[in-house]
Amino acid sequence: MTSTSISSLSSRLISSLLSSSSTSSSESSRRHFNNKNNNNRVFKIENAGKKSAFRLSNNKRKAKKTKQEEKDEMKRAFDGEGLSPEERVSGAKHKARRWLGQHFLIDHSVLIDAVRSADVTKEDVILEIGPGTGNLTAELLRTGCKVIAVEKDRNLAKTLRETLGKEFGEDELEIIEEDFMKWKDLDTKFVGLIDGGEKRAKVVANIPYNITTDILKRLLPMGDTFEDLVFMFQEEVARRLATEERGEKMIENANEVKKKKKSNSDFRAMSVRTAYYSESRYIRPVAKDCFDPPPNVESCLIGFKPKRKEHLLKINGTEKQFFTFVQSCFAQKRKMLKNNLRGTCDAETIDLALEILGRGDKVRPQELFMEDYVELFNFVREERKVEIEEKDDEDDDEDDDDDDDD
Ligand SMILES: C[S@@+](CC[C@H](N)C(=O)[O-])C[C@H]1O[C@@H](n2cnc3c(N)ncnc32)[C@H](O)[C@@H]1O
């Protein structure tokens with residue numbers, strides 16, 4: 001099989017939160033999400049050695065450009081290599097269930113890029129959520145890794161057992177028929193599985209869009225278990241977790257300023273959560289016709305490298321309290337931070353907190369760094385002894401139509 005990928009996109013985020021944790025607190029409080037040095041929010045795409053900032057808004061154009069190349073790649077890959085992705089889907093004779101987010105990947109270049117981005121080798125153990133008809137599973141198994149696949153749909157789990165399951169056997173492919181969101185073995189299944197725990201497992205999955213955020217919330221804190229998570233995401237949601245570089249140079253005219261403001265407004269509590277637990281990277285756009293049946297929205301592959309627990313920034317309280325606090329800061333994200341904080345802190349604490357941030361008293365929640373939220377939280381907890389509830393969950397995707405305040 002050819003080892004050439006048409007896109008050959010190898011992306012990486014440049015900065016690490018480790019380095020930011022050594023920055024002095026006053027410097028940290030002055031940082032701003034739009035700062036071009038804020039590499040947590042920059043996606044770098046490497047293509048034939050050339051790096052360029054990639055804009056999510058260019059996805060459509062980029063996907064179109066590479067279509068013929070993708071087809072050629074798929075043909076080369078499957079010359080004499082068994083079933084093509086389309087054949088695997090049609091062979092399953094399965095009527096896609098939309099309520100389970102069933103959009104099967106039929107574009108081979110996307111499968112290759114997902115596996116390559118996670119750098120899967122025969123040493124790896126991979127968790128695949130929702131293997132469906134097994135196209136991504138087959139691509140993973142080609143590397144010689146072990147796959148543990150959790151599928152909710154009984155028919156698909158059965159078909160997979162009768163096809164790839166028979167071909168590879170339990171040692172290489174374990175098929176678990178379960179709702180991933182209720183799967184109790186997640187916390188124990190991967191512990192100490194590779195090299196007595198020295199090496200961590202990885203997750204590669206084309207997951208249903210209606211549970212992407214919940215899956216991410218469950219897996220991001222598992223940095224001691226998983227070293228890499230590669231997912232298919234709805235592009236609009238991916239944009240909230242990270243956006244393109246927005247340095248001063250880009251703001252050359254009014255249009256650019258407008259764009260900048262738009263991307264900025266995508267930032268929300270879930271983005272802070274993602275940056276707290278991981279380093280994210282954009283891998284590639286995925287057009288609608290890469291799926292059967294095609295979804296209504298544009299998609300992309302996105303990756304997260306979860307941090308080990310010892311590398312997380314220190315917070316004075318529980319993680320649940322921290323994210324409840326962050327959520328309250330974004331309660332109405334177009335309002336000023338000071339107005340959102342009113343439900344949590346007294347007026348004096350708010351004034352002091354804004355002074356510490358050094359971003360003026362009109363700062364809005366989407367204009368701060370993840371590190372600023374850690375600093376704010378630690379300040380109100382340590383210096384002002386503010387009580388913060390532990391709320392079970394928050395709806396980060398809620399679209400708030402609140403008006404701007406000035
Ligand atoms: C977008 S399809 C992807 C299928 C396959 N991985 C592919 O790329 O062609 C999502 C898959 O997740 C499965 N699924 C949906 N909800 C699930 C859940 N809660 N737990 C496990 N699997 C689920 C669906 O049945 C479906 O097979």
Side-chain angles (χ1 to χ4, degrees), residues 70 74 77-78 83-118 120 126-142 145 147-165 173-186 189 202-219 229-235 237-238 283-284 286-303:
E70 286 176 9
M74 188 165 122
F78 280 94
L83 295 179
S84 72
E86 276 127 331
E87 286 167 340
R88 205 178 288 285
V89 172
S90 60
K93 297 194 172 26
H94 175 85
K95 190 169 181 315
R97 296 177 169 146
R98 290 204 180 232
W99 64 278
L100 280 175
Q102 291 179 353
H103 300 282
F104 304 109
L105 260 174
I106 50 167
D107 185 300
H108 192 235
S109 76
V110 180
L111 298 168
I112 292 176
D113 286 344
V115 175
R116 286 238 177 103
S117 180
V120 181
I126 306 291
L127 163 64
E128 188 190 357
I129 305 159
T133 58
N135 277 337
L136 185 53
T137 324
E139 197 57 42
L140 286 163
L141 288 166
R142 273 192 191 110
C145 71
V147 177
I148 296 174
V150 183
E151 174 57 61
K152 184 174 177 180
D153 186 306
R154 177 175 293 181
N155 288 342
L156 287 174
K158 183 169 174 274
T159 307
L160 202 60
R161 271 192 207 102
E162 288 162 359
T163 52
L164 284 178
L173 174 60
E174 208 176 318
I175 300 162
I176 294 163
E177 190 191 312
E178 277 274 6
D179 178 341
F180 176 75
M181 297 314 298
K182 296 179 184 159
W183 188 42
K184 294 205 172 61
D185 291 347
L186 176 66
K189 185 87 182 165
K202 295 171 182 170
V203 184
V204 182
N206 173 17
I207 49 183
Y209 295 138
N210 58 341
I211 53 171
T212 42
T213 308
D214 290 334
I215 289 178
L216 206 53
K217 280 183 187 166
R218 197 163 177 209
L219 291 172
L229 318 172
V230 170
F231 291 125
M232 186 71 68
F233 258 68
Q234 191 178 329
E235 189 194 292
V237 177
I283 300 167
R284 62 164 284 170
V286 181
K288 293 177 187 175
D289 62 2
C290 295
F291 302 89
D292 180 15
N296 294 327
V297 292
E298 295 297 328
S299 308
C300 65
L301 281 176
I302 183 165

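Order of listing sets the numbers, starting from 1, for every ligand and every atom in it. Start at 1 with the first residue, then count along the sequence.
Judged by distance alone, with hydrogens and angles left aside, the side-chain atoms of Glu151 form a donor-acceptor pair with the main-chain N or O of Gly132 at under 3.5 Å.
For the salt bridge (charged side-chain N to carboxylate O under 4.0 Å, His left out) test, residues two or more places apart in sequence or in another chain that qualify with Glu162 are Lys158.
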*Please lay out, stage by stage, how Leu111 and Leu105 fare under the test side-chain contact (heavy atoms from CB on, under 4.5 Å).*
CA-CA 8 Å; Leu111 298 168; Leu105 260 174; 3.8 Å; yes
*Give the C-alpha distance, both sets of side-chain angles, the deciding distance and a yes or no for side-chain contact (heavy atoms from CB on, under 4.5 Å) between Ile215 and Met181.*
CA-CA 7 Å; Ile215 289 178; Met181 297 314 298; 3.7 Å; yes
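Residues Ser109 and Arg284 bring a donor and an acceptor atom of their side chains to less than 3.5 Å of each other.
The shortest non-hydrogen separation linking Met232 to Ser299 is SD-CB, 4.0 Å.
Protein residues with a heavy atom closer than 4.0 Å to ligand 1 are Leu100, Gly101, Gln102, His103, Phe104, Leu105, Glu128, Gly130, Pro131, Gly132, Val150, Glu151, Lys152, Asp153, Leu156, Glu178, Asp179, Phe180, Asn206, Pro208, Ile211, listed by chain and number.
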